[in-house]
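Computation of the quantities below employed the complete heavy-atom set of this structure, encompassing side-chain atoms and omitting hydrogens, waters and symmetry-equivalent molecules. All values reported here derive from a predicted model rather than from experimental measurement.
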Amino acid sequence: TKLYIPPRQSRAVERPRLTNRLNEGLRGKLTLVSAPAGFGKTTAVSEWVAECGRPVAWLSLDAADSEPTRFIAYLVTALQMIAPHIGQGVMTALQSPQPPAIESLMTAVLNDITTVAHDFVLVLDDYHAIDAGAVDDALTFLLDHLPPQMHLVMTTREDPRLPLPRLRVRGQLAELRAADLRFTSSEAATFLNQTMGLHLSEGDIDALEARTEGWIAGLQLAAISMRGLDDTTGFITSFTGSHRFVLD
């Protein structure tokens, strides 16, 4: 299940401005989608990969993947969804009592990637769960030597310990952050009235969008709370971070 690409949501709000930004990022090596919880990072990327026109490998990470050999094993397994031959020798080496150095393993993976005949994307979802310098070093090595046919997308709640300034200066890094992911007023209106089935006035939508600062999870929690309410305007006026759903 760590390799499953989240399915597209039938009622998801279309966000072409984010799709365009993600498409533009394909010109470089890394697209970083970095924002706190509830900003729709995974949803935005999963919606994009469904129409990006390239084969996509997906790896959802958790804290256990901070163990370097486990991380590399899952990384290789994900890449084998693109081409089955990638990392076959690496998987054998990982089973030995004393696996080779990480740089040697990554070199073998990179050599296999260079033989892939088409462009593709690898998504590392929830990279903030990783807390291991060795894994950061492995990804740094990967990015430093990344073959042109591969593009890396990373979602995270905090910036990873990778050479982001160097990539940024070289024009090899695309970034989407909380300010980019926030719902605009028109997106909030579509979400609240069409996706969530409410019938809010333009004034109520603007007020709620302002109170939540476009935070998608906040808008969703407010919408859930408003279902069946007669006085939605009064609820919006009183809706704050102390609401029990938001605190949960």
Novice: Distance from Asp126 atom CG to Thr42 atom OG1, nearest 0.5 Å?
Specialist: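 Between atom CG of Asp126 and atom OG1 of Thr42 there are 5.0 Å.
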Novice: Specify the closest pair of heavy atoms between Ala178 and Pro36, including all atoms of both residues, with the distance to one decimal.
Specialist: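 For Ala178 and Pro36, the tightest heavy-atom pair comes out as CB-CD, 4.1 Å.
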Novice: Answer yes or no: does atom NE2 of His118 have more than 12 heavy-atom neighbours from other residues, nucleotides or ligands under 6.0 Å?
Specialist: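 Check passes, neighbour count above 12.
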Novice: To the closest 0.5 Å, what do you measure between CD (Glu24) and OG1 (Thr31)?
Specialist: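 These two atoms lie 10.0 Å from each other.
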Novice: For a 4.5 angstrom cut-off between non-hydrogen side-chain atoms, does Thr19 reach Glu51?
Specialist: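 They are in contact (side-chain heavy atoms under 4.5 Å apart), so the answer is yes.
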Novice: Looking at Asn111, Leu75, Val90, Leu139, which one forms a side-chain contact (heavy atoms from CB on, under 4.5 Å) with Met106?
Specialist: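 It is Leu75, the one option of Asn111, Leu75, Val90, Leu139 that forms the side-chain contact (heavy atoms from CB on, under 4.5 Å) with Met106.
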Novice: If you draw a 6.0 Å radius around CG in Asn20, do more than 12 non-hydrogen atoms from other residues or ligands fall strictly inside?
Specialist: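 More than 12 within 6.0 Å, yes.
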Novice: Angle between ring planes, Phe141 versus His145, binned at 30° and 60°: parallel, tilted or perpendicular?
Specialist: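 Tilted, since the angle between the ring planes falls between 30° and 60°.
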Novice: Before giving the answer on side chain to side chain contact (heavy atoms under 4.5 Å, CB included), spell out for Ile82 and Met150 the whole-Å C-alpha distance, their side-chain angles and the decisive distance to 0.1 Å.
Specialist: CA-CA 10 Å; Ile82 300 295; Met150 177 176 163; over 6 Å; no
Novice: Please report the shortest heavy-atom distance between Ala188 and Leu219, naming the atom on each side.
Specialist: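 So the minimum-distance heavy-atom pair works out to CB-CD1, 4.1 Å.
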Novice: Verify whether one side chain among Thr69 and Glu67 offers a donor that lies under 3.5 Å from an acceptor in the other.
Specialist: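 There is such a pair (donor and acceptor under 3.5 Å, judged by atom type) between the side chains of Thr69 and Glu67.
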Novice: Would you call Arg15-Glu47 a salt bridge at under 4.0 Å N-O?
Specialist: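 Salt bridge flag = no for Glu47 with Arg15.
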Novice: Report the distance from atom CG of Leu181 to atom CZ of Phe39, rounding to the nearest 0.5 Å.
Specialist: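 That separation rounds to 7.5 Å.
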Novice: Is any side-chain heavy atom of Asp137 closer than 4.5 Å to one of Ile102?
Specialist: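 Side-chain contact under 4.5 Å: no.
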Novice: Kindly give the heavy-atom pair with the smallest separation between Leu176 and Arg21, and that separation in Å.
Specialist: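 Smallest heavy-atom distance, with atoms named: CD1-CB, 3.9 Å.
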Novice: Can you see whether Trp48 engages Ser46 through a side-chain donor-acceptor pair at a distance of less than 3.5 angstrom?
Specialist: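 Distance-only check fails for Trp48 and Ser46.
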Novice: How long is the straight-line distance from CZ of Phe120 back to CD1 of Ile113, given to the nearest 0.5 Å?
Specialist: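 Rounded to the nearest 0.5 Å, the CD1-CZ separation comes to 5.0 Å.
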Novice: Which heavy-atom pair separates Phe235 from Ala222 by the least distance, and what is that distance?
Specialist: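 In this case the closest contact between Phe235 and Ala222 is CE2-O, 3.8 Å.
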Novice: Could you check whether the rings of Phe191 and Phe183 sit parallel, tilted or perpendicular, using 30° and 60° as the cut-offs?
Specialist: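 Tilted, since the angle between the ring planes falls between 30° and 60°.
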Novice: Any carboxylate oxygen within less than 4.0 angstrom of a Lys/Arg side-chain nitrogen, looking at Asp180 and Arg17?
Specialist: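 A salt bridge is absent here (no side-chain N lies under 4.0 Å from a carboxylate O).
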Novice: Rounded to the nearest 0.5 Å, how far does CG of Leu110 lie from CG of Leu79?
Specialist: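 If we round to the nearest 0.5 Å, Leu79:CG and Leu110:CG are 9.5 Å apart.
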Novice: If you measure from the Lys or Arg side-chain nitrogens to the Asp or Glu carboxylate oxygens, is any gap between Arg177 and Asp159 under 4.0 Å?
Specialist: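 So Arg177 pairs with Asp159 through a salt bridge.
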Novice: Give a yes or no on whether a salt bridge exists between Arg182 and Glu209, defined as a side-chain N under 4.0 angstrom from a carboxylate O.
Specialist: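 Between Glu209 and Arg182 there is no salt bridge, as every charged N stays at least 4.0 Å from the carboxylate O atoms.
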Novice: With a 3.5 Å distance limit and no angle check, can you tell me whether Ser225 reaches the backbone of Leu221 through a side-chain donor-acceptor pair?
Specialist: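 Judged by distance alone, yes, a pair lies under 3.5 Å.
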Novice: Identify the two heavy atoms, one from Pro147 and one from Thr114, that lie closest to each other, and give their separation to 0.1 Å.
Specialist: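 So the two residues come closest at CG-CG2, 3.7 Å.
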Novice: Taking Ile205 as the fixed residue, which of Leu198, Thr190, Leu200 is the one that meets the side-chain contact (heavy atoms from CB on, under 4.5 Å) rule?
Specialist: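 The residue from Leu198, Thr190, Leu200 that satisfies side-chain contact (heavy atoms from CB on, under 4.5 Å) with Ile205 turns out to be Leu200.
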Novice: Under 3.5 Å, side chain of Lys41 to main-chain N/O of Arg157, donor-acceptor pair present?
Specialist: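 Not a single qualifying donor-acceptor pair exists.
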Novice: Kindly give the heavy-atom pair with the smallest separation between Ala37 and Trp215, and that separation in Å.
Specialist: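 In terms of heavy atoms, the two residues are closest at O-NE1, 3.0 Å.
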Novice: Would you tell me whether Asp125 and Thr155 have side-chain atoms, one donor and one acceptor, within less than 3.5 Å of each other?
Specialist: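 On atom types as modelled, these side chains qualify, holding a pair under 3.5 Å.
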Novice: Rounded to the nearest 0.5 Å, how far apart are CZ of Phe71 and CG of Asp136?
Specialist: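 The CG atom of Asp136 is 9.0 Å from CZ of Phe71, to the nearest 0.5 Å.
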Novice: Where the side chain of Asp65 meets the backbone of Asp62, is there a donor-acceptor pair that is under 3.5 Å apart?
Specialist: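 Yes: the side chain of Asp65 pairs with the backbone of Asp62.
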Novice: Donor-acceptor pair, distance only, cut-off 3.5 Å: does the side chain of Lys29 make one with the backbone of Gln172?
Specialist: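 Between the backbone of Gln172 and the side chain of Lys29 there is no qualifying donor-acceptor contact (under 3.5 Å).
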Novice: So do the side chains of Gln80 and His85 get within less than 4.5 Å of each other, counting heavy atoms only?
Specialist: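 In short, these two side chains do not touch, never coming nearer than 4.5 Å.
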